[in-house]
*Asks:* 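The structure follows.
Fair warning: this is a prediction, and the values are worked out from it, not measured in the lab.
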Amino acid sequence: YSKAKESIELAGNYSIEQIKEYCKQGDEIERVYIKKPYQNLDNNVVIMDTPGIDSTDAAHKLSTESMLHIADVIFYVTDYNHLQSEENLSFVKEMKEKDKMIFLIVNQIDKHVESEVPFTTFKNQIESSFANIGLHEQDIFYTTLMNDDHEHNQLKEIKEIIRVFVEKKEDYLEKNVMASVHQLINEHLEKYQEQLDLADIDKKVIQTSLENCMIKKNEMNGRYAEELNKIKELSTEINDSVTSILNSSNIIPHRTSEK
């Protein structure tokens, strides 16, 4: 999709080099969709791969930031050698402050040299650094694609987390929507506070009203679920009654009844 809202569709066989070339055209291309059969994800699950937040291309950075509001879960992948950069720490901290569900993936751990620094020491340093900005140690994973049997490779654990998120995606979807709405409201209120002459109390009133609306929505969803269960129970009861009547009835052929 171009920034002029034009779309280019490549059907059939296409060159991956051609796709890479499109991805480099940040000033003209807004996003690239790659669609192919994949049995390990539901139809309503989308994986978005964005450019790095430290990209020198302004268009890449804007593209990444624009995707954050609609992402229900963020897996932030960083290179082993640049893990504790200011950009990484700042980004993770910002996401935690926005109440985003974020996991840190330290990739290419095959580069680690045990004789220089024990992996446990390296791991403790990382967990300590990110704990200071609100990221828990259970939200940090270590991976390598070069050695599946690497003793510290947690690729399987990441796949399991993704499976759980897909299974319970409706719950996480609502949580993300609420967090994003709160964040957008706060950003706009701060931006236009002088023009609107809004105080902190006004923000709280708006947020309270929003939360009350969500509570009412959840209550209505609960009532709907209860009524739906009643209908299902009634339907089952009727079916059971009909089945019982049919099983206990004597079916007499027409000719027999005539005689």
Side-chain angles (χ1 to χ4, degrees), residues 31-51 53 63-78 88 91-109 123 126-127 130-131 133-145 147-184 210-211 213-236:
R31 67 189 64 175
V32 175
Y33 282 93
I34 300 177
K35 187 175 182 179
K36 59 189 300 185
Y38 189 63
Q39 298 178 350
N40 294 329
L41 288 177
D42 289 356
N43 291 330
N44 294 326
V45 176
V46 176
I47 295 178
M48 297 183 292
D49 184 19
T50 65
I53 52 98
S63 174
T64 300
E65 292 175 347
S66 66
M67 293 293 103
L68 296 178
H69 285 302
I70 60 176
D72 299 309
V73 184
I74 299 172
F75 291 93
Y76 187 60
V77 183
T78 181
N88 290 337
F91 176 78
V92 173
K93 181 180 180 182
E94 181 183 355
M95 293 301 100
K96 294 299 292 184
E97 289 174 348
K98 291 182 176 180
D99 199 25
K100 299 294 291 186
M101 184 80 68
I102 182 170
F103 295 92
L104 177 67
I105 299 178
V106 183
N107 196 26
Q108 299 181 349
I109 59 171
K123 186 170 178 285
I126 298 306
E127 292 172 354
F130 282 91
I133 58 176
L135 191 68
H136 302 294
E137 61 180 75
Q138 63 265 28
D139 297 332
I140 304 176
F141 296 90
Y142 304 86
T143 63
T144 173
L145 298 180
N147 181 5
D148 291 342
D149 297 324
H150 193 290
E151 61 176 321
H152 300 295
N153 195 0
Q154 295 181 291
L155 195 57
K156 291 182 179 179
E157 287 88 337
I158 294 173
K159 290 181 178 179
E160 176 61 18
I161 286 179
I162 293 175
R163 185 195 67 78
V164 172
F165 275 118
V166 170
E167 191 175 281
K168 301 182 178 181
K169 58 181 180 293
E170 296 299 330
D171 296 335
Y172 295 108
L173 174 63
E174 183 169 327
K175 180 182 182 299
N176 176 61
V177 169
M178 281 300 301
S180 295
V181 168
H182 274 287
Q183 183 61 33
L184 288 171
L210 178 64
E211 290 169 358
C213 288
M214 289 303 300
I215 291 173
K216 290 180 181 179
K217 171 183 172 293
N218 292 335
E219 289 177 351
M220 292 180 66
N221 287 341
R223 292 173 186 170
Y224 170 77
E226 290 177 3
E227 294 300 324
L228 189 61
N229 287 332
K230 289 179 181 178
I231 293 174
K232 289 181 179 179
E233 291 174 359
L234 182 59
S235 177
T236 301

*Asks:* Return the CD1 to CD distance between Ile133 and Glu94, rounded to the nearest 0.5 Å.
*Replies:* 11.0 Å
*Asks:* Using a 4.5 Å cut-off on heavy atoms from C-beta on, say whether the side chain of Val106 contacts that of Ile140.
*Replies:* yes
*Asks:* May I ask you to decide whether Glu160 forms a salt bridge with Arg163, counting only side-chain N to carboxylate O separations under 4.0 Å?
*Replies:* yes
*Asks:* Once rounded to the nearest 0.5 Å, what's the spacing between atom CD1 of Ile162 and atom CD of Glu167?
*Replies:* 14.0 Å
*Asks:* If the plane angle is over 60° it's perpendicular, under 30° parallel, otherwise tilted; pick one for Phe75 and Phe103.
*Replies:* parallel
*Asks:* Taking atom NZ of Lys93 and atom CD1 of Ile102, what is their separation to the nearest 0.5 Å?
*Replies:* 14.0 Å
*Asks:* How long is the span from the CG atom in Leu135 to the CE atom in Met95, to the nearest 0.5 Å?
*Replies:* 12.5 Å
*Asks:* Take atom NZ in Lys96; do more than 12 heavy atoms of anything else shown fall under 6.0 Å from it?
*Replies:* yes
*Asks:* When rounded to the nearest 0.5 angstrom, what is the spacing between CD1 in Ile109 and CG in Asn147?
*Replies:* 8.5 Å
*Asks:* What is the distance from atom OG1 of Thr144 to atom CG of Leu155, rounded to the nearest 0.5 Å?
*Replies:* 9.0 Å
*Asks:* Carefully, step by step, assess Leu104 and Phe130 under the rule side-chain contact (heavy atoms from CB on, under 4.5 Å).
*Replies:* CA-CA 9 Å; Leu104 177 67; Phe130 282 91; 3.7 Å; yes
*Asks:* Backbone N or O of Thr143 within a donor-acceptor pair of the Gln154 side chain at under 3.5 Å?
*Replies:* no
